[in-house]
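Protein chains get the first letters and strands the later ones, always in sequence-line order, with residue 1 at the start of each. Note that these values count all heavy atoms, side chains included, but never hydrogens, waters or copies made by symmetry.
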Amino acid sequence: MGNEVAAQAALAAGAEVMFGYPITPTTEVLSTWISLATQHQKKYLQTEDEGAAGFGVVGACLAGKKAFTSTAGPGNVLMQDPLSMAEALRVPFVGLIGQRGGPSTGTVIYSQQETTLTAFGGNGEGYRIVYSPSNLQEIYDLTILAFNNAWLYRFPTFVLFDGYLGKMKGEVNLHNPGILINAKPILEGNVNLRNCFNLEEEIYDLNVRHKKAWQEASSQVSKFEHRPGQTKTLVFAHGIVAAAAKAAGVSLFRSITLWPFPVQDARIVAKKYEKIAIIESSYGQFGRIVKEALFGLELEVQEIYKPALGFTPEEIKEIVK
Amino acid sequence: MVPFPKCYKQSSKPSKFCPGCGYGLMFKMLGQVIDELGIQEKTVLGLDIGCSLLAWDYFDFPTTHTHHGRTTATMVGFKLADPSKVVLALMGDGGGYAIGLQNLLHAAIRNNPLTALVLNNTCYAMTGGQLAPTTLEGEITSTTPKGRDLTITGQPFLGPELIRSVAPLNAYVARGSVSQPAILKKYLRTALEKQINDKVFSLVEILSLCPVNWKTDAKGSFDFNLKMQKIFPCKEL
């Protein structure tokens with residue numbers, strides 16, 4: 001199951017502690033981690049709500065341990081409070097998010113409506129790395145990558161999947177993770193960390209430093225897959241919708257990092273086509289990112305949006321025939 | 001003259017707290033306890049947002065701002081990740097007993113081995129003095145302009161009494177006052193020793209002084225503190 005794979009990947013990535021609050025469709029990440037923790041002398045805390053889980057992750061990261069949480073939907077909304085602090089202090093927070101239908105409590109199993117929330121939630125500028133896996137193997141691989149890049153670049157980092165993928169069963173190669181980035185204490189020695197400032201100039205300087213670091217990290221982190229297919233229309237999709245597009249055999253630009261979006265790569269690939277189709281299970285949360293990245297190119301743009309509903313390969317083939 | 005505690009960060013003095021504020025008195029007792037226990041090298045302090053945030057560079061050991069009400073949750077995470085540290089979570093009465101009560105309660109229920117310090121000045125002080133859970137009956141604040149009416153806003157909140165009722169018996173709960181510094185120091189010392197030796201949760205509420213929002217002079221501030229002690233009994237619970 002995808003949720004079990006995510007917990008296994010966290011273990012392989014060197015995670016030491018998980019803080020979590022049960023919520024469908026990601027509860028099994030927590031329960032699987034607790035089983036693994038017992039076997040491997042790791043730690044966990046089932047907290048009183050998602051906010052406490054998120055702040056627990058922040059505290060554990062400040063102490064120098066790889067820590068993570070997993071949540072969904074309304075839990076992801078509550079998680080924005082600690083994530084705002086994680087952004088301010090450049091805390092290597094790792095979140096494994098299983099999207100469910102919104103708004104509000106919505107439905108419990110599928111959507112792609114947490115793109116904006118996960119990448120841009122909070123009162124900052126959205127300096128967060130967001131991976132979108134398309135299959136179970138990628139949940140494993142991208143979760144390991146998420147821990148590495150979180151500690152390498154010190155930005156909150158997410159693996160944004162959905163309930164379909166979280167509950168899906170299949171074969172996964174739980175391979176050796178390779179070289180891991182080490183964690184180290186952030187709050188130690190004579191460090192006094194601030195997220196509250198006296199002067200506008202002080203917080204401006206912090207934003208300038210964050211922007212510079214983000215730009216440097218973006219070129220290293222952004223990731224995509226271009227698969228030329230049988231169609232003259234290039235499909236932009238991510239996650240499980242991209243998997244359906246792949247099965248449909250259409251030309252595909254799959255964004256593996258939703259944020260930072262691979263802007264230059266997308267522009268180079270899109271120029272080879274006259275038309276693009278953005279297909280996603282929300283009203284254009286991913287589409288807005290794509291259209292901003294491709295701004296100025298002479299392209300016909302088709303937008304196919306079905307919030308909280310999935311797409312079959314046959315449906316996608318029909319859309320872009 | 002009694003010197004500053006050694007664990008103070010000298011370069012950040014004089015502090016940024018208002019003249020007559022009770023934080024300095026509390027910090028002096030806390031600093032002396034940290035010096036006497038010899039734990040400066042392993043102490044970590046998390047701070048609420050509110051007046052407590054002004055202590056972000058008060059001490060010469062690691063400190064961090066958190067978010068309003070989220071100090072306990074953050075420091076629970078820190079302590080779980082690094083149990084070798086002596087972990088303090090400092091917050092005001094709004095942070096501890098209103099927005100952050102859920103986190104404080106559950107840390108106490110779980111007996112998480114950290115020390116929560118809640119400074120009670122009967123109001124939200126940094127935002128200019130609004131009704132807090134601890135505001136006294138009849139006390140005028142900017143959101144109770146005719147004085148706190150208990151029929152509308154309920155009784156002044158007894159934090160340590162509530163925590164005592166949910167925390168395991170070996171957790172330590174006390175309420176002291178900056179007007180009785182020697183007794184307060186004893187409570188702070190016991191709270192830290194409980195965390196270090198017994199690995200249990202400890203809470204000390206500190207009755208403070210807030211002359212700016214109370215609009216009191218020096219004598220008036222201590223008179224107000226005495227009035228608080230009649231509502232909020234100072235003792236180990």
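Using modelled atom types, one side-chain atom of A:Asn192 and one backbone atom of B:Phe61 make a donor-acceptor pair closer than 3.5 Å.
The closest side-chain heavy-atom distance from B:Pro83 to A:Lys43 is below 4.5 Å. Side-chain contact between A:Met85 and B:Thr66 is present, with heavy atoms from C-beta onward closer than 4.5 Å. The shortest side-chain heavy-atom distance between A:Pro82 and B:His67 does not fall under the 4.5 Å cut-off. A heavy-atom distance below 4.5 Å is found between the side chains of A:Leu89 and B:Thr64.
B:Asp57 touches chain A through backbone and side chain together, each having a heavy atom under 4.5 Å away. Only the side chain of B:Leu53 comes within contact range of chain A, with at least one heavy atom under 4.5 Å from a heavy atom of that chain. Of the atoms belonging to B:Lys16, not a single heavy atom falls under 4.5 Å from chain A.
Atoms CG and CZ, on A:Asn190 and B:Phe59 in that order, are 15.5 Å from each other to the nearest 0.5 Å.
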Could you go through the salt bridge (Lys or Arg N to Asp or Glu O under 4.0 Å) check for A:Glu48 and B:Arg110 one step at a time?
CA-CA 11 Å; A:Glu48 55 274 24; B:Arg110 293 187 298 251; 2.7 Å; yes
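Ranked by heavy-atom pairs shorter than 4.5 Å toward chain A, the options B:Asn103, B:Val76, B:Asp82 are led by B:Asn103. Per-residue counts of heavy-atom pairs under 4.5 Å with chain B were compared for A:Thr47, A:Val57, A:Leu45; the largest is that of A:Leu45.
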